[in-house]
Amino acid sequence: MNRSHRIWGVVGAVGVATALWTVAVPLLGHRLTVTGGPPGRERPEIGLAPVVVVALAAALAGWVLLALLERVLPRSARLVWTITALVVLLVSFAPLAASGMDVATRVILGALHVAVATVLIAVMTRTAARPALGAVTDADR
């Protein structure tokens with residue numbers, strides 16, 4: 001494992017989320033608003049801070065899970081982590097199907113999910129520990 005590559009992966013995930021939000025909201029002028037709460041209440045807007053916090057939390061959670069899998073399942077950690085990451089990405093789209101968002105907001109939020117996942121999956125799978133070829137493990141005995 002190369003810790004510095006994973007750190008850059010976390011930075012990259014947060015950076016791509018920040019860049020997409022910056023293009024969509026301040027530059028293109030789209031407000032990311034969702035409905036929620038009692039009727040008549042102002043629609044909450046998704047600002048940069050929640051985007052950064054969620055991207056950072058997802059990146060760190062992915063790193064922690066991969067590190068744990070490398071200890072518990074060293075031979076299949078990469079595969080298990082990648083499948084888990086793809087499932088989490090698919091599940092993350094569920095709230096986008098709920099009512100209360102315009103199409104542009106759904107597209108932008110979906111793009112944020114895909115962009116963060118793409119960076120994380122690329123970096124984390126590339127840095128996942130690989131068992132040595134020909135090495136005999138306890139499971140092989």
Side-chain angles (χ1 to χ4, degrees), residues 1-140:
M1 169 189 81
N2 188 335
R3 184 171 293 163
S4 66
H5 284 117
R6 290 187 184 178
I7 290 169
W8 282 112
V10 170
V11 170
V14 172
V16 75
T18 300
L20 278 173
W21 183 90
T22 301
V23 168
V25 179
L27 294 179
L28 296 179
H30 184 76
R31 293 180 60 204
L32 296 177
T33 57
V34 296
T35 58
R41 187 171 175 209
E42 186 176 325
R43 294 170 54 130
E45 190 169 336
I46 301 171
L48 181 58
V51 169
V52 168
V53 168
V54 170
L56 181 62
L60 294 176
W63 185 348
V64 167
L65 177 61
L66 180 56
L68 178 66
L69 288 170
E70 287 173 330
R71 291 179 189 258
V72 176
L73 302 169
R75 295 182 64 160
S76 56
R78 176 188 307 191
L79 177 63
V80 172
W81 187 90
T82 303
I83 291 169
T84 303
L86 290 170
V87 168
V88 168
L89 173 61
L90 291 175
V91 170
S92 79
F93 290 131
L96 302 180
S99 63
M101 283 181 256
D102 61 24
V103 173
T105 297
R106 291 176 207 274
V107 169
I108 293 165
L109 291 176
L112 283 166
H113 290 212
V114 170
V116 169
T118 300
V119 170
L120 290 177
I121 291 169
V123 171
M124 297 299 173
T125 55
R126 189 173 299 135
T127 63
R130 298 176 180 146
L133 293 176
V136 177
T137 63
D138 290 337
D140 293 333

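Only heavy atoms go into these numbers, but all of them, side chains included; no hydrogens, no water, no symmetry mates.
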(message) Is any side-chain heavy atom of V25 closer than 4.5 Å to one of H30?
(response) no
(message) Could you check whether any side-chain heavy atom of L86 comes within less than 4.5 Å of a side-chain heavy atom of L90, counting everything from C-beta outward?
(response) no
(request) Any chance you could lay out the side chain to side chain donor-acceptor pair (under 3.5 Å) test for T125 and R78, step after step, and finish with the verdict? (result) CA-CA 6 Å; T125 55; R78 176 188 307 191; over 6 Å; no
(request) Taking the side chain as every heavy atom from C-beta outward, state whether M124 and T82 have any pair of such atoms under 4.5 Å apart. (result) no
(message) Applying salt bridge (charged side-chain N to carboxylate O under 4.0 Å, His left out), can you list everything that pairs with R31, at least two apart in sequence or on another chain?
(response) E45
(message) What I'd like to find out is whether the side chain of P44 reaches to under 4.5 Å of the side chain of V34, using heavy atoms alone.
(response) yes
(request) Just jot down the side chain to side chain donor-acceptor pair (under 3.5 Å) partners of S99, sequence neighbours excluded, or say none. (result) none
(message) Taking the side chain as everything from C-beta on, heavy atoms only, tell me whether W81 gets closer than 4.5 Å to L65.
(response) yes
(message) With a 4.5 Å cut-off on side-chain heavy atoms, are I46 and T33 touching?
(response) no
(request) Kindly indicate, with the supporting measurements, whether the criterion side-chain contact (heavy atoms from CB on, under 4.5 Å) is fulfilled by L112 and V116. (result) CA-CA 6 Å; L112 283 166; V116 169; 5.5 Å; no
(message) Apply side chain to side chain donor-acceptor pair (under 3.5 Å) to residues H113 and S92 and explain how you reach the verdict.
(response) CA-CA 7 Å; H113 290 212; S92 79; 2.8 Å; yes
(request) Give the intermediate values and the outcome of side-chain contact (heavy atoms from CB on, under 4.5 Å) for residues T127 and W63. (result) CA-CA 10 Å; T127 63; W63 185 348; over 6 Å; no
(request) Taking the side chain as every heavy atom from C-beta outward, state whether W21 and L32 have any pair of such atoms under 4.5 Å apart. (result) yes
